Amino acid sequence: VDCDSITYNGASTARELRARGHYWAQHVLESPRSWIICFVYIIATVNYGSALFTGIADAVWTDEDNDDEKSDYIHTAAVVLDSLLYAFLPQVAMLLIRAFQRRPLLHRMTGRSVVIGDIPWVAQCTEAFASKLFAVSYSNTTPSFASGNPSDHLVHRFTHRVVRGGLLAVGRPDGRISGLTSQEASTCLSVNQASSIQNFGVTLESLTIGSNPSKLPLSAHAVYLPTNRPDFLCENTLKDFDPNYDGSGKSANAIIGDYENIWKKSENHEQMSLKPSKRGKKKTSKATLRRQSYAAKRSSMKSLLSGGSEAIPEPIRLGNVEPSQEVFFGAQLKASNPNTPIHMLIEKQRLSQRLYEGRIASLQRFVAFSVLFHQMGKTVQDWWGWVSFGLLGYEMDRTHSIMRIATTASPVSGAAIRGRIINLAIEAQFMRANNIISKFIDRRIQDAAKLARTMTRESRRSTNDLLRVSRESSIGDNLRVDEEFKDAMLYVKEPPHPPPVTSSSRQFFYGGTKV
C-alpha cells in the first residue's frame with residue numbers, strides 16, 4: 001500500500017521469497033534428518049536380528065535349494081553389502097532425502113555456507129540479521145554467513161572458496177536505468193564467474209534478487225521485485241529506440257549496447273546540426289565546429305539550470321514542491337529543452353538515479369533478503385520443535401548476548417586503548433600513593449596540633465600558678481616599697497642642705513635614700 005492508499009499486488013513476490021527460503025532451509029535440515037534415518041535403521045536391524053541385504057538374501061534363497069556353495073556366496077555378498085551400507089549409511093540417507101525432495105544429489109555433505117552479495121550496507125545488514133536468526137540454533141543446522149560487494153571485492157574474497165552446494169544470494173541493481181547499467185553488469189559478471197566454477201558438473205546454488213526481469217543463465221533462481229515508479233527519461237528513450245523492448249528480457253550487457261547506440265546517434269545528430277551547408281562559400285574549420293559545439297552545450301546547460309524557457313519561481317524552488325504528475329521522469333525537462341541532445345538530458349538525471357538506488361531500490365532488496373532468510377530460519381526453528389515434541393525447540397529472536405540495543409564499534413584502535421589502560425593504571429597507583437601520603441601528613445598535623453594544644457594548656461596552668469604564688473609572696477614587699485617610695489618623695493621636697501648630723505641620730509644618705 002502506497003501513500004495514496006493504493007494496494008499493489010506484491011503477494012506473489014512474497015510467496016516466491018518465502019518459497020526460496022523454505023527451499024534453502026531443506027539444505028540445512030538434511031544433516032539431522034539423515035541422522036534420524038540412521039538411528040531408525042540401526043534400531044530396526046539390531047532388534048530384528050538381520051540387516052537389509054542379509055534379510056533379502058535369506059528370504060529369496062530358502063533352504064529348499066540344495067546348492068550350498070551358491071548359498072554361501074550369496075550370503076557372503078549380502079554381508080559385504082550390509083557392511084558397506086553401515087559404513088556409508090549417513091551418505092546414503094542424505095542421498096535418499098535429496099532424491100525425495102528433488103534437490104541436487106552431488107552437493108557436498110557438510111555444513112552449508114551462505115554468501116550475501118550487494119552494496120555494503122545491504123550486504124552487511126543482511127548478514128547480521130541472518131546470522132542472528134541462527135544464533136541459538138544447533139550446530140548441525142547453523143550455516144555460516146559472509147558478505148561482500150559483487151561490484152568490488154566479492155570475486156577476490158570468495159570465488160576461490162566456491163564449493164558444490166554453497167549458497168550465494170546476490171542483489172542486482174536495476175540495470176534498465178542508465179546510471180546503474182554498468183553496476184548491474186559487473187554484479188552479473190561476478191555471479192557468472194562464481195557459478196562457472198564446477199566440480200562433477202555441479203557448482204554453487206546462486207539466487208539473484210532485483211528489479212530487472214532478466215535471469216542469468218548460470219544462476220539457479222531469480223526473484224524479480226516489481227516497481228511502481230514511472231520510467232526515467234533513459235528508459236523511455238530506450239523504448240523509443242527499440243519498439244520491441246517492454247522493460248524485460250534484456251540483460252545488462254545488451255542494455256549497455258543499446259545505450260551506446262543512443263549516445264552515438266544523439267552525438268551524430270548534434271554534429272549534423274552544427275555543420276554548415278555545402279552551398280556556402282567558406283568552409284568552417286574543425287576548431288570553429290568545436291567552439292560552436294561547446295557554446296551549444298553551455299547554452300543548453302544554462303537552460304537546464306534555469307529550468308528551461310519558463311523559470312521556476314523562487315518560493316517553489318525552496319519548498320512546497322508538488323508531486324510530479326509526469327508520464328515519465330524527465331518529460332517536462334525534455335519538453336522544455338527541445339534543442340538539447342537527448343544524451344545530455346539523460347546525464348542530468350544521473351544524480352536522481354543514484355539517489356533512487358541508494359534510498360529506495362536498495363531498501364527493497366534488503367526487505368526481500370530479510371523475508372527470505374526469516375523464512376529460512378523459521379523453517380529450521382519449527383522443525384526442531386516438531387521433531388522433538390517441543391523438547392529441543394528454541395526462539396530464533398533470541399541470541400546468546402541478549403543484546404537489545406544498537407551498538408557501534410569503538411572508533412579507537414587497540415593500541416590506543418592498551419596505552420590508555422596502562423596510563424590509567426599508573427594514575428591509579430599515583431592517586432593511591434598520594435592518598436596514603438596525604439592521610440599520613442594529616443595524621444601527623446593532627447597529632448602536632450593536639451600536642452601544641454596540650455602544651456599550651458599546661459603552660460597557661462603553670463603561668464597562672466606562678467602568678468598566684470608571686471602575687472601572694474609579694475604583698476608585704478609591695479607595702480614596704482610603698483613606704484620607701486613615700487619617704488623618697490618627702491626627701492625630694494626638703495631643702496638641698498641636709499640637716500646636721502648629731503651623735504644621737506646617725507643618718508646616712510646614699511642616692512637620696514635614708515639608710
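When reading the values below, keep in mind they use all heavy atoms of this one structure, side chains included, and skip hydrogens, waters and symmetry mates. Just so it is clear, the model here is predicted, and its values are computed rather than measured.
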Original post:
Are Glu347 and Arg350 ion-paired here, with the side-chain N under 4.0 Å from a carboxylate O?
Top reply: yes
Subject >> Side-chain (Arg108) to main-chain (Val163) donor-acceptor, under 3.5 angstrom >> reply: no
Original post:
Is a side-chain donor-acceptor pair under 3.5 Å present for Arg20 with Gln375?
Top reply: no
Original post:
Is the Tyr23-His221 ring centre distance short of 6.0 angstrom?
Top reply: yes
Original post:
So do Val115 and Leu167 actually touch side chain to side chain, heavy atoms under 4.5 Å?
Top reply: no
**OP:** On the 0 to 90° scale, with breaks at 30° and 60°, tag the Phe369-Phe373 ring pair as parallel, tilted or perpendicular.
**Re:** parallel
Subject >> Ring geometry between Tyr138 and Tyr394 (parallel below 30°, tilted from 30 to 60°, perpendicular above 60°) >> reply: perpendicular
Original post:
So among Gln183, Arg229, Gln364, Arg365, which one has a side chain to side chain donor-acceptor pair (under 3.5 Å) with Asp174?
Top reply: Arg229
Original post:
So does Asp231 pair up with Lys239, basic N to acidic O under 4.0 Å?
Top reply: yes
Subject >> Any donor-acceptor N/O pair, Ser190 side chain to Val155 backbone, under 3.5 Å >> reply: no
Original post:
Would you call Glu30-Arg112 a salt bridge at under 4.0 Å N-O?
Top reply: yes
Original post:
Quick check: does any side chain N or O of Ser186 sit under 3.5 Å from a backbone N or O of Ser151, one acting as donor and the other as acceptor?
Top reply: no
Original post:
Does any N or O in the side chain of Asp242 come within less than 3.5 Å of the main-chain N or O of Leu238, such that one atom is a donor and the other an acceptor?
Top reply: no
**OP:** Would you please name every residue forming a side-chain contact (heavy atoms from CB on, under 4.5 Å) with Pro90, sequence neighbours left out?
**Re:** Cys38
Subject >> Arg98 (side chain) donor-acceptor with His107 (main chain) under 3.5 angstrom >> reply: yes
**OP:** Quick one: list whatever passes side chain to side chain donor-acceptor pair (under 3.5 Å) with Ser178, sequence neighbours left out.
**Re:** Gln353
Subject >> Salt bridge flag under 4.0 Å for residues Glu184 and Arg176 >> reply: no
Subject >> Side-chain donor/acceptor of Asp82 to backbone N/O of Thr54, under 3.5 Å >> reply: yes
Subject >> Parallel, tilted or perpendicular, as decided by the 30° and 60° cut-offs, for the rings of Tyr41 and Tyr86 >> reply: tilted
Subject >> Pi-cation contact, Phe241 with Lys265 (under 6.0 Å, within 45°) >> reply: no
Original post:
Sub-3.5 Å donor-acceptor pair from the side chain of Gln349 to the main-chain atoms of Phe329, do we have one?
Top reply: yes
